[in-house]
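What follows is a single structure, written as structure tokens, with notes after it.
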There are 2 protein chains.
Amino acid sequence: MGRQPSAKPTSFDIAYLAGVSQPTVSRALRGSKSVSAATRANIERIARELNYTVDKNASSLRSQRTHTLALLFFEDPTPDESMINPFFLSMLGSITRQCALKGYDLLISFQQMHNDWHVAYQDSHRSDGIILLGYGDYQLYRTKLEHLVEMDTKFVRWGSVSDDSIGLTVGSDNVGAGELAGAHLVEIGRRHIAFLGDASDHAPEFQDRYTGLCRAMRAAGIAPDPGLQQGAVSSEASGYAAARSLLASGQPFDAIFAASDLIAIGAMRALAEAKLRCPPDVALIGFDDIPAASQTSPTLTTVMQDMKGAGELLVDALLRRIGGADAERTMLPAKLIKRQSTAV
Amino acid sequence: MGRQPSAKPTSFDIAYLAGVSQPTVSRALRGSKSVSAATRANIERIARELNYTVDKNASSLRSQRTHTLALLFFEDPTPDESMINPFFLSMLGSITRQCALKGYDLLISFQQMHNDWHVAYQDSHRSDGIILLGYGDYQLYRTKLEHLVEMDTKFVRWGSVSDDSIGLTVGSDNVGAGELAGAHLVEIGRRHIAFLGDASDHAPEFQDRYTGLCRAMRAAGIAPDPGLQQGAVSSEASGYAAARSLLASGQPFDAIFAASDLIAIGAMRALAEAKLRCPPDVALIGFDDIPAASQTSPTLTTVMQDMKGAGELLVDALLRRIGGADAERTMLPAKLIKRQSTAV
DNA sequence: CGCCATAGGGTATACGTATACGCATAATAT
DNA sequence: ATATTATGCGTATACGTATACCCTATGGCG
């Protein structure tokens, strides 16, 4: 009978039982070396017996460090509220795991582009740093990123790793990945290669992939045809529309490099409707290797980004940044996954 | 040039500027009615000008409420560390959104079944309540759930909504969903319907779906054949294996109801390898309507759970529970999505 | 005209931890 | 032997907010 089991023990309780002062308990549990091994062992034993856990709020308040990272997803305002880009979802796993490994909690938030997220997290002391994830109009949030830098908020961004990008950026080697895809298409004998994806500076990653494609083509002595490039955002519908307008343009092509798998899947549908067989008539490569890519018919050749590595790198880079170090921009290599859509 | 822009303003700063005391600021911003409209307006204006945000840590420490929910994903230990069940991922979006709507933050954590998660979150004051998500062995964490109840930890669980389930549970009407699927198969003339999925009480949801299938069959005057039931966990590989052993058993069947889409996709592969055409020879129904379901060939008929509603319901139920109310178990209706795999 | 309720807001303090200091004792150096 | 430094720990206090309690003016009432 007696005490409620839910009366949470504090460091004072431990201190009393151990016959020391509260600060000593704090020091012992945090691994300060100015407490003797015997005392520490005793304190740790008592803490375990009482099921004691440090109160995060009090700890964060005093130390001004939350041991929490915030993950902000960006989405373009989309009619379908529940859809999330599958690519980012798969990165979530590795980010979470890496956070856990480093002893950090992860706070998640989805944001519409237009929101004032740049204010929301910077001062509320809820996280030590921010991970920014999201496709979408890069120019649109450029100024917000500048604001973050100005406020000395610690953050990492996933995206195109170019010299003029703002803040600390981690991303795939999109140019290299584009080259991989282009080289493969050239290798299987394609010369009229179309690109589906916005290649403006509103979408630096897509632009980089296009740049890589062009580089591979030129290396093979082929001049890229600007007329074979069609704008598209990362969705099945947009890919479908882009492929339709490519077909409607009447220009001959024997391969498509789509800037994302969703675009590729939309294009695949348009090709099927146009009675074009995909490999023989048109070879198709996507980007991301989302789960659906191996379920389409034909299965989709695509570029796989190292998402496990990406999550770890993002977290590590952010933690270094928080620690005051000058973390550098980093690029991750990508890998070509060959499937039926380029099997000639 | 004076103050650092990153010197975060406190309620004292606001109080000074407004010519009131700090508690008045706190009261004004929290909507206490014992502060005059004029004073409140003034305080709010100043707060906005200073970009003031309440320090969550201090606030939580004092009030003992975090305004944060924790989302715990469970996974069976799996070799592929980065895979997450797509079904739960799609629920993540609606949970996040509903949390934001209610002014709560969301803390995310992935857990292996064997971890001591039941201790980790209960006392560290990091969240006001917990949302538990995960397939997996139900019996395995039954005792942990009991522990949570005992400690009076507030939590909601997604899963089978049966009378003997522990704690507050929200889930789809799995029996009803099974009936839907069964009725559809019967309607298109199938009589030898196999079920792929663990139907033991280690997986109550799968069990419920099987129960629903049997009910629909009996309603049509068909006796379910226990020999046509094959155990499987929710993965493509497991579905493939189950279908193979079903085929190997030599028993005739003209339809398969798979307990999840992943299982169905695995079964589809096994059927294709066995040169069985899927619709004519075997009709196939999955469960979850994951994105890949519309990309398979044939496209997969499946049962769609109301995930948007699920997320909202989970959050709302948990908040009611936190508020001290007696939230009830709730079931959500499911919907049949008819595609090619049952198009006769 | 005295009395009490009420609005509006101030005073004091608690939440649980981490850290700057200070102070012994013990271990070394001189 | 004294001066010096390191070890191990206690004392005091700060972190920023929320709340219990108290106080002062008003206004309504008899």
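The chains referred to below are lettered A, B, ... by the order of the sequence lines, with proteins before strands, and numbering in each begins at 1. The structure presented is a predicted model; accordingly, all values stated were derived computationally and were not measured.
- A salt bridge links Lys308(A) and Glu312(A); the closest N-O separation between the charged side-chain nitrogens and carboxylate oxygens is under 4.0 Å.
- When the side-chain nitrogen and oxygen atoms of Ser21(A) are compared with OP1 and OP2 of dT11(D), none of them lie within a distance under 4.0 Å.
- Atom CG in Asp55(A) sits about 18 Å away from atom P in dC15(D), given to the nearest Å.
- Straight-line distance from the CG atom of Leu29(A) to the C1' atom of dC9(D): 15 Å, rounded to whole Å.
- Taking atom NE2 on His67(A) and atom P on dT17(C), their separation rounds to 15 Å, with Å as the unit.
- Among the duplex regions that DNA chain D forms, those built from at least three successive Watson-Crick or G-U pairs under 3.5 Å are C:1-30 with D:1-30, ordered by first number.
- Between the CZ atom of Phe12(B) and the P atom of dA18(D) there is a distance of 11 Å, rounded to whole Å.
- Looking only at side-chain heavy atoms (C-beta outward), Val161(A) and Val170(A) stay at 4.5 Å or farther from each other.
- In this structure, OH of Tyr52(A) is placed 7 Å from C1' of dG16(C), rounded to the nearest angstrom.
- Put simply, the side chain of Ile322(A) reaches to within 4.5 Å of the side chain of Arg65(A), judged on heavy atoms.
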### Message
I need a per-nucleotide contact map over nucleotides 19-25 of chain C, read 5' to 3'. Cutoff is protein heavy atoms under 4.0 Å; write B for the base, S for backbone only, - otherwise.
### Response
BB-----
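- Between the side chain of Thr24(B) and the main chain of Gln22(B), no donor-acceptor pair closer than 3.5 Å is present.
- Side-chain atoms of Leu92(A) and Ile108(A), non-hydrogen and from C-beta on, do get closer than 4.5 Å to each other.
- Distance, Arg65(B) CZ to dA18(D) C1': 12 Å, rounded to whole Å.
- What separates NZ of Lys33(A) from C1' of dA6(D) is a distance of 9 Å, to the nearest Å.
- Using a 4.0 Å heavy-atom distance criterion, Val20(B) is classed as a sugar-phosphate-only contact.
- Proximity of Met91(A) to Leu133(A): side-chain heavy atoms (C-beta onward) are separated by under 4.5 Å at one or more points.
- Nearest to the side chain of Val35(B), among dT17(D), dG9(C), dG10(D), sits dG9(C).
- Using a 4.0 Å cut-off, no side-chain N or O of Ser11(A) falls inside it from OP1 or OP2 of dG16(C).
- At dT19(D), none of the side-chain N or O atoms of Gln64(B) fall inside 4.0 Å of OP1 or OP2 (strictly under the cut-off).
- Minimum atom distance to the side chain of Ala58(B) is reached by dT17(D), of the listed dT17(D), dG16(C), dG10(C).
- The distance from atom CG of Leu61(A) to atom C1' of dA14(C) is 12 Å, rounded to the nearest whole Å.
- For Val54(B), counting side-chain heavy atoms from C-beta on, the closest listed nucleotide (dG9(C), dT17(C), dA18(D)) is dA18(D).
- Formation of a donor-acceptor pair under 3.5 Å by the Asn57(B) side chain with backbone atoms of Ser60(A) is not found in this model.
- Considering only side-chain N and O atoms, Thr39(A) lies under 4.0 angstrom from the phosphate OP1 or OP2 of dC9(D).
- Using a 4.0 Å cut-off between a side-chain N of Lys or Arg and a carboxylate O of Asp or Glu, Glu44(A) and Arg40(A) do not qualify as a salt bridge.
- Under the 4.5 Å side-chain criterion, counting only non-hydrogen atoms from C-beta, Asp105(A) is not in contact with Leu69(A).
- With Thr330(A) contributing its side chain and Glu328(A) its backbone, the two residues share a donor-acceptor pair below 3.5 Å.
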